[in-house]
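Take a look at the structure below.
Numbers restart at 1 for each chain; the letters A, B, ... are given by sequence-line order, proteins then strands.
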Amino acid sequence: MKQLEQILQQTLKNPSLFQDEEFTQSQEFAEIISNIKITLPNGKIDCHYCTNILFMLRRFLKPDFETNIRTILLKSDLIADIIFINGYINFKMRPKFFAQMTHEILDNDIFPNTGIDASGNKTKVNVEYCSINPTGFLHIGHARNAILGDSIARILSKANYDVTKEYYVNDAGNQITLLAQSVQARCLEAHNMPFEFPEGGYVGPEIKELAKLTKPENTLEEIKQISVDYFLSEIKKDLNDLKIFHDVWTHEKDIIKSNFIEKAIEILKAKGYIYYGKREEKKAEKGKIENKDLMLLKTTVFQDDEDRPLTKSDGEWTYLAPDIGYHLNKIERGFGYLICVLGADHDSYARRIKIATKLLKEDIQHATPIVQMVSFEHEGQHVKFSKRAGNSIRTRDFIKEIHPDIVRYMMLAKTPGTPFVFDYESACTVSMKNPVFYIQYAHARGNSIFRNTTVTQKLHEKAFAFTMPEFQEIIIILSSFKNTLNEAALQLAPHIIAHYSQRLAESMHKLWQIGKTDSTKRIIIDGNEEETQSRLAITKAFLNVLATCLETLGINAPESMN
RNA sequence: GCGCUCUUAGCUCAGUGGAAGAGCGACGGCCUUCUAAGCCGCAGGUCGCAGGUUCAAAUCCUGCAGGGCGCGCCA
């Protein structure tokens, strides 16, 4: 594809194509020509690649430009034909082009593991995701965040970023105190001792279970530790079952102990972003709390509605302060790119922490992909998963019934910004309602070929396969993998890989099927070793790319379907 | 009231300036041959509505309507 782009650029630099022969020297020409986009055509047009570049250049070209461009382009030994339709240039490529492309995929070391010269350039990136409070189990709503973050991290690693996957443990706030008080109460209750259940405390059977791990003589601090450890280890188990493994677990407690809050405040003070003042009366908890002077952060310099308090009237930090300390900690660890995957109910928080981070370090790259809510369909209505409604489903129970591969694919195939309506019936079906099987099946089919032959892959440029549309289609899709991966990395969008995988799988299924009625199109051609070797080379390239895709999605690439 | 986001085929969704798409569902075909968990065909669209910018708008801008999520000194 890159080669085609270069050929086209070279061709268009020919001054004789233009009314004004000086035009190729102009800035405007340079800009247009640097934005050449080669794309795959829709199914209706019989060609391999196309480009819309002429739309931009048309008014500068001589009337007979089509004939001239065609003549020049056809001099290339990679291009078989040029067709002009509706202002597009459509390319038909020669077999040599397909052979070269296959060679590149197999030998260039870009597949399947490393060295893709993607946008990453070894940038140190921190992907923080699924940082749920250790006050309960991982439910299915959290799983979407976790799966998305994990896949983003996998894509970025493939795209040549230096990735750290991180979980931030909120183990220092009021929620943890409330949790520990709830557990303590249940513990005392179980020992028939007097107890007082905290207002708004944590209820649910897991609290009573947890209480069994504690003793009446434990201090609140000890109970906090026991509770956090318990839930974290449970969360970790569930994540591991979904093939999610964080590299670093950072605890809020440690951030506080290491004085990162104070350090961050000092930096912000030095930059003049901190001042003391009162908030507007109506904002001050509607008069419930005395409107004292608070430490405020000038988030309004980056279009926030109002400056945000860092201290409460009782002198304690607000939630924002430790989080800013945590982000300073990330910055000090040398990350140039911070990614923080958040739920839709945190989008206003996302804005604030982004501003705060920018105030700490102007040139930091910071993205906060937002995952929309997960709901499910019940009697024709969309019902939200919610703890309070008692219909929250623990991930562990969920994946007992539905394989993690299916759960992952279902959640990754959509853009994160679309609310997810979980279709339980489809999830349990083994058919195209579950495209993950379709993709895995294509991988298994490709592998079965290698079990059925002793011939090994080797590329012969003259192979007949390179003239055959079914093989050409596979190679064309393979050739766009690099761009696809880069795009997914740039947009932090695993669904781009999911859709690509489906299309790639389709090209193999088509080839396979046609081999059933036309034996010349099978991969293994008895009595013709060179042809078979070349076809195996294409199949191998296909398997490498598809396995890479499945790896970035965190989905198993099976060698056979059982 | 304000902010973010969404509205594309019967359903679930891709598509961020360039030729309207996929899967499911419906209908009709295809296995004595490398895995039929598959393939082929057919049907299905005023891209929420109205303006604007552009050679070109589902895509960008403005307004409107409808859905979702937020809008504490809680985290």
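When the nucleotides B:C34, B:G38, B:C4 are ranked by their closest atom to the side chain of A:Asp347, B:C4 comes out on top. Checked against B:U12, B:A22, B:G18, the side chain of A:Lys414 finds its nearest nucleotide in B:U12. Of the candidates B:A37, B:G70, B:C55, the closest approach to any side-chain atom of A:Arg58 belongs to B:C55. Considering only side-chain atoms of A:Gln175, the nucleotide from B:G18, B:C74, B:G15 that sits closest is B:C74. Which of B:A75, B:A14, B:G68 sits closest to the side chain of A:Thr418 comes down to B:A14. Comparing atom distances between the A:Ser348 side chain and each of B:G15, B:G70, B:A36 picks out B:G70 as nearest. Comparing B:C34, B:G18, B:C74 by their nearest atom to the side chain of A:Asn174 picks out B:C74. Residue A:Gln372 has its side chain nearest to B:U5 when only B:C39, B:U5, B:U35 are considered.
Around atom NZ of A:Lys458, no more than 12 heavy atoms belonging to other residues, nucleotides or ligands sit under 6.0 Å away. Counting non-hydrogen atoms of neighbouring residues, nucleotides and ligands closer than 6.0 angstrom, the CZ atom of A:Phe464 reaches no more than 12 such neighbours.
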Checking A:Glu128 against A:Tyr167 for the side-chain contact (heavy atoms from CB on, under 4.5 Å) test, could you report, in this order, the C-alpha distance in whole Å, the side-chain angles of both residues, the deciding distance, and whether it holds? CA-CA 6 Å; A:Glu128 185 211 326; A:Tyr167 190 118; over 6 Å; no
Let's go through A:Gln502 and A:Tyr409 carefully: what are the C-alpha distance in whole Å and the side-chain angles of both, what is the deciding distance for side chain to side chain donor-acceptor pair (under 3.5 Å) to 0.1 Å, and is it a yes or a no? CA-CA 11 Å; A:Gln502 216 170 319; A:Tyr409 190 86; 3.0 Å; yes
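Nucleotide B:C4 carries an anti base; the chi torsion (O4'-C1'-N9-C4 or O4'-C1'-N1-C2) is more than 90° from 0.
For A:Tyr441, the side-chain hydrogen bond (donor to acceptor under 3.5 Å, both in side chains) criterion is met by A:Arg445, not counting sequence neighbours.
Consecutive pairing runs in RNA chain B reach the stem threshold at B:1-7 with B:65-71, B:10-13 with B:21-24, B:27-30 with B:38-41, B:48-52 with B:60-64, where a stem means at least three Watson-Crick or G-U wobble pairs with distances under 3.5 Å.
Spacing between B:U5 and B:A14 at atom P, rounded to whole Å, works out to 16 Å. Taking atom P in both B:C71 and B:A58, the straight-line distance is 37 Å, to the nearest Å. For the C1' atoms, the distance from B:C61 to B:A57 is 11 Å, rounded to whole Å. When the C1' atom is compared between B:G17 and B:C47, the two are found 15 Å apart, to the nearest whole Å. Across B:G23 and B:U62, the matching P atoms stand 36 Å from one another, rounded to whole Å. Between the P atoms of B:U16 and B:G21, the separation comes to 15 Å (whole Å). Taking atom C1' on both nucleotides, B:G68 is separated from B:G48 by 16 Å, rounded to a whole Å. B:A56 and B:A22: their C1' atoms are spaced 25 Å apart (whole Å).
Within the structure, a side-chain polar atom (N or O) of A:Ser448 is placed less than 4.0 Å from OP1 or OP2 of B:U35. For B:A36, the OP1/OP2 oxygens have a side-chain nitrogen or oxygen of A:Trp512 closer than 4.0 Å. In terms of phosphate contacts, A:Asn452 brings a side-chain nitrogen or oxygen within less than 4.0 Å of OP1 or OP2 of B:U35. Note on A:Tyr438: a side-chain N or O is less than 4.0 Å away from OP1 or OP2 of B:C39. At B:A14, none of the side-chain N or O atoms of A:Arg503 fall inside 4.0 Å of OP1 or OP2 (strictly under the cut-off). In terms of phosphate contacts, A:His495 brings a side-chain nitrogen or oxygen within less than 4.0 Å of OP1 or OP2 of B:G15. Between B:C30 and A:Thr517, no contact under 4.0 Å exists linking OP1 or OP2 to a side-chain N or O.
Residue A:Asp304 contributes atom CG, which lies 14 Å from atom C1' of B:G72 at whole-angstrom precision. For the pair A:His509 NE2 and B:A22 C1', the computed distance is 15 Å after rounding to whole Å. Rounded to whole Å, atom C1' of B:C71 lies 8 Å from atom CZ of A:Arg308.
Along RNA chain B, the nucleotide nearest to A:Lys37 and the one nearest to A:His346 differ in position, and the one closer to the 5' end is contacted by A:Lys37. Residue whose closest nucleotide on RNA chain B sits further toward the 5' end, between A:Lys510 and A:Tyr349: A:Lys510.
Side-chain contact of A:Lys224 with A:Thr177: a donor-acceptor pair under 3.5 Å is present, judged by distance alone.
Note on A:Arg522: a base of the nucleic acid sits closer than 4.0 angstrom, heavy atoms only. Among the atoms of the strands shown, base atoms are found under 4.0 Å from some heavy atom of A:Ile45.
The existence of a salt bridge linking A:Asp323 and A:Arg352 is excluded, since no basic side-chain nitrogen approaches an acidic carboxylate oxygen closer than 4.0 Å. Salt bridge annotation for A:Arg535-A:Glu531: present, with a cationic side-chain nitrogen under 4.0 angstrom from a carboxylate oxygen.
The base of B:A37 lies outside donor-acceptor range of the side chain of A:Tyr441, with no N or O pair under 3.5 Å. Taking 3.5 Å as the limit, the base of B:A19 and the side chain of A:Asn90 contain a donor-acceptor pair of atoms between them. The base of B:C73 sits with one of its N or O atoms less than 3.5 Å from a complementary donor or acceptor on the side chain of A:Ser313.
Residues A:Leu553 and A:Ser501 come closest through the heavy atom pair CD1-OG, 4.2 Å. Among all heavy-atom pairs drawn from A:Ala172 and A:Glu252, the shortest one is N-OE1, 3.4 Å.
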